[in-house]
Amino acid sequence: MKKAGLFITFEGIDGSGKSTQVKLLAARLEEQGWDVLLTREPGGSKGAEEIRALVLKGAPERWSAETEILLFTAARRDHMEKLILPALAEGKYVICDRFIDSTRMYQGLRRGDLRTVVDTLTKLMIEKQPDLTIVIDMEPSIGHARAKSRETTEERFEDFGVGLQSKMREGFLQLAKEFPDRVRVVDGNQTIENLSDDIFDLVRERF
Ligand code: ADP
Ligand code: TYD
């Protein structure tokens, strides 16, 4: 029987360097001969990309936090069924730019009282947890400036401002304490190359 693959997720505030680093990690693993599926949330599968457009565009008050939890979880369920679980069953490394922990933070923490709802719904709907989660830690004002300098209309969350990013940063650091076996923190305030080396070392050490 083929060995099941490994599931690595990246988390951190907007503009912390996740999208840059997932690509570099995927390229390094491929160079070593591994099969890699590089994907992202919200999105990944066709149905989940359609939900992505709904949640990331428009005014900040477009959806309540409760409705967002349902939309992100629906997108994640489709992504798991169609892409992530089949790739893991084929023995691939799956690298995902954001996953469950983003919902725990952005929806569960934003208003302070919805974390239990996120955890309960996740238990019901998302059977697979990541094997390793890398949190890129970053000063919110730098992350926010980097994120806002991109040309995109997917800015609903960035429009909540630096205050939200600070709360999310603290939340991600707290998650590393809550799940010490799964979640590792790296310092995002270094060159792209040095950060990529730190991440690769972490992955090698873990697997
Ligand atoms: P995220 O996916 O976390 O929002 P990105 O990887 O898209 O972050 O990076 C946001 C912006 O910052 C991009 O323009 C990217 O080129 C730049 N960037 C990424 N990593 C670094 C770094 N280590 N130092 C300086 N700029 C960076
Ligand atoms: P993403 O495209 O990864 O943005 P960035 O590259 O700026 O980090 O994600 C878009 C936004 O979606 C981001 O602000 C966080 C938000 N988000 C949630 O609120 N909940 C979730 O479950 C996920 C996956 C993302």
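If you read the sequence from its start, that first residue is 1, and numbering goes on from there. Heavy-atom basis, side chains included; hydrogens, waters and symmetry copies ignored. Atoms within each ligand, like the ligands themselves, are counted from 1 in listed order.
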- Message: If the contact criterion is a heavy-atom separation under 4.0 Å, does Ser16 count as touching ligand 1?
- Response: yes
- Query: Among protein heavy atoms, which lies nearest atom 8 (O) of ligand 1, and at what distance?
  - Reply: Gly17 N, 3.1 Å
- Search all heavy atoms of Glu178 against all heavy atoms of Arg115 and return the closest pair with its distance. OE2-NH2, 2.8 Å
- Message: Around atom NZ of Lys128, are there more than 12 heavy atoms from other residues, nucleotides or ligands closer than 6.0 Å?
- Response: yes
- Task: May I ask you to identify, for Lys18, whether its side chain, its backbone, both or neither come under 4.0 Å of ligand 2 on a heavy-atom basis?
- Result: side chain
- Do NZ/NE/NH1/NH2 and the carboxylate oxygens of Arg40 and Glu49 come within less than 4.0 Å? yes
- Message: Heavy-atom distances under 4.0 Å decide this one: backbone, side chain, both or neither, for Ala147 against ligand 2?
- Response: neither
- Do any nitrogen or oxygen atoms of Leu195 lie less than 3.5 angstrom from nitrogen or oxygen atoms of ligand 1? no
- Query: Charged N to carboxylate O below 4.0 Å: is that the case for Arg104 and Glu11?
  - Reply: no
- Task: Can you pull out the closest protein heavy atom to atom 22 (O) of ligand 2? Residue, atom name and distance to 0.1 Å, please.
- Result: Thr103 OG1, 2.5 Å
- Closest non-hydrogen atoms of Leu109 and Gly171, given as atom of the first, atom of the second and distance, are CD1-CA, 3.7 Å
- Message: Please list, in number order, the atoms of ligand 2 under 4.0 Å from a heavy atom of Gln107.
- Response: 18 (C), 19 (O), 20 (N), 21 (C), 22 (O)
- May I ask you to identify, for Ile100, whether its side chain, its backbone, both or neither come under 4.0 Å of ligand 2 on a heavy-atom basis? neither
- Identify, for atom 18 (C) of ligand 2, the protein heavy atom at the shortest distance, and state residue, atom and that distance. Phe72 CZ, 3.2 Å
- Query: Between Tyr106 and ligand 2, does any nitrogen or oxygen pair lie at a separation below 3.5 Å?
  - Reply: no
- Could a heavy atom of Arg52 be found less than 4.0 Å from some atom of ligand 2? yes
- Among non-hydrogen protein atoms, atom 1 (P) of ligand 2 lies closest to Arg98 NE, 3.6 Å
- Considering all heavy atoms of both residues, which atom of Gly188 and which atom of Leu195 are nearest to each other, and what is their separation? CA-CD2, 4.0 Å
- Item | Identity and distance of the protein heavy atom lying nearest atom 16 (C) of ligand 2 | Phe157 CD1, 3.8 Å
- Minimum heavy-atom separation for Pro140 to Gln165, with atom names? CB-CB, 4.0 Å
- Would you check if the distance from the ring center of Phe99 to the ring center of Phe7 is below 6.0 Å? yes
- Atom of Val185, atom of Ala176 and distance for their closest heavy-atom approach: CG2-CB, 3.6 Å
- Query: With atoms numbered from 1 as shown, which atoms in ligand 1 lie under 4.0 angstrom from a non-hydrogen atom of Gly15?
  - Reply: 1 (P), 3 (O), 4 (O), 8 (O)
- Item | Protein heavy-atom partner closest to atom 5 (P) of ligand 2 - residue, atom, separation in Å | Asp14 OD1, 3.3 Å
- Between Met105 and ligand 2, which part of the residue brings a heavy atom under 4.0 Å of the ligand: side chain, backbone, both or neither? neither
- Message: Give me the nearest non-hydrogen protein atom to atom 11 (C) of ligand 2 as residue plus atom name, then the distance to 0.1 Å.
- Response: Leu56 CD2, 3.6 Å
- atom 7 (O) of ligand 1 - nearest protein heavy atom and its distance: Arg150 NH1, 3.0 Å
- Task: Output yes when the distance from some N or O of ligand 1 to some N or O of Arg146 is under 3.5 Å, and no in every other case.
- Result: yes
- Could you tell me whether Arg76 approaches ligand 2 through its side chain, its backbone, both or neither, with non-hydrogen atoms closer than 4.0 Å? side chain
- Item | Selected option - heavy-atom contact closest to atom 5 (P) of ligand 1, from Thr20, Ile13, Val22 | Thr20
- Item | Where ligand 1 meets Thr191 - atom numbers and elements under 4.0 angstrom, heavy-atom basis | 23 (N)
- Which heavy atom in Ile13 sits nearest to a heavy atom in Met138, and how many Å separate them? CD1-O, 3.5 Å
- Message: Looking at Arg98 and Asp14, is any side-chain nitrogen of the basic one under 4.0 Å from a carboxylate oxygen of the acidic one?
- Response: yes
- Item | Residue portion contacting ligand 1 (non-hydrogen atoms closer than 4.0 Å) for Gln190 | backbone
- Short version for Ile136: what comes under 4.0 Å of ligand 1, heavy atoms counted, is neither
- Verify whether one side chain among Asn189 and Glu139 offers a donor that lies under 3.5 Å from an acceptor in the other. no
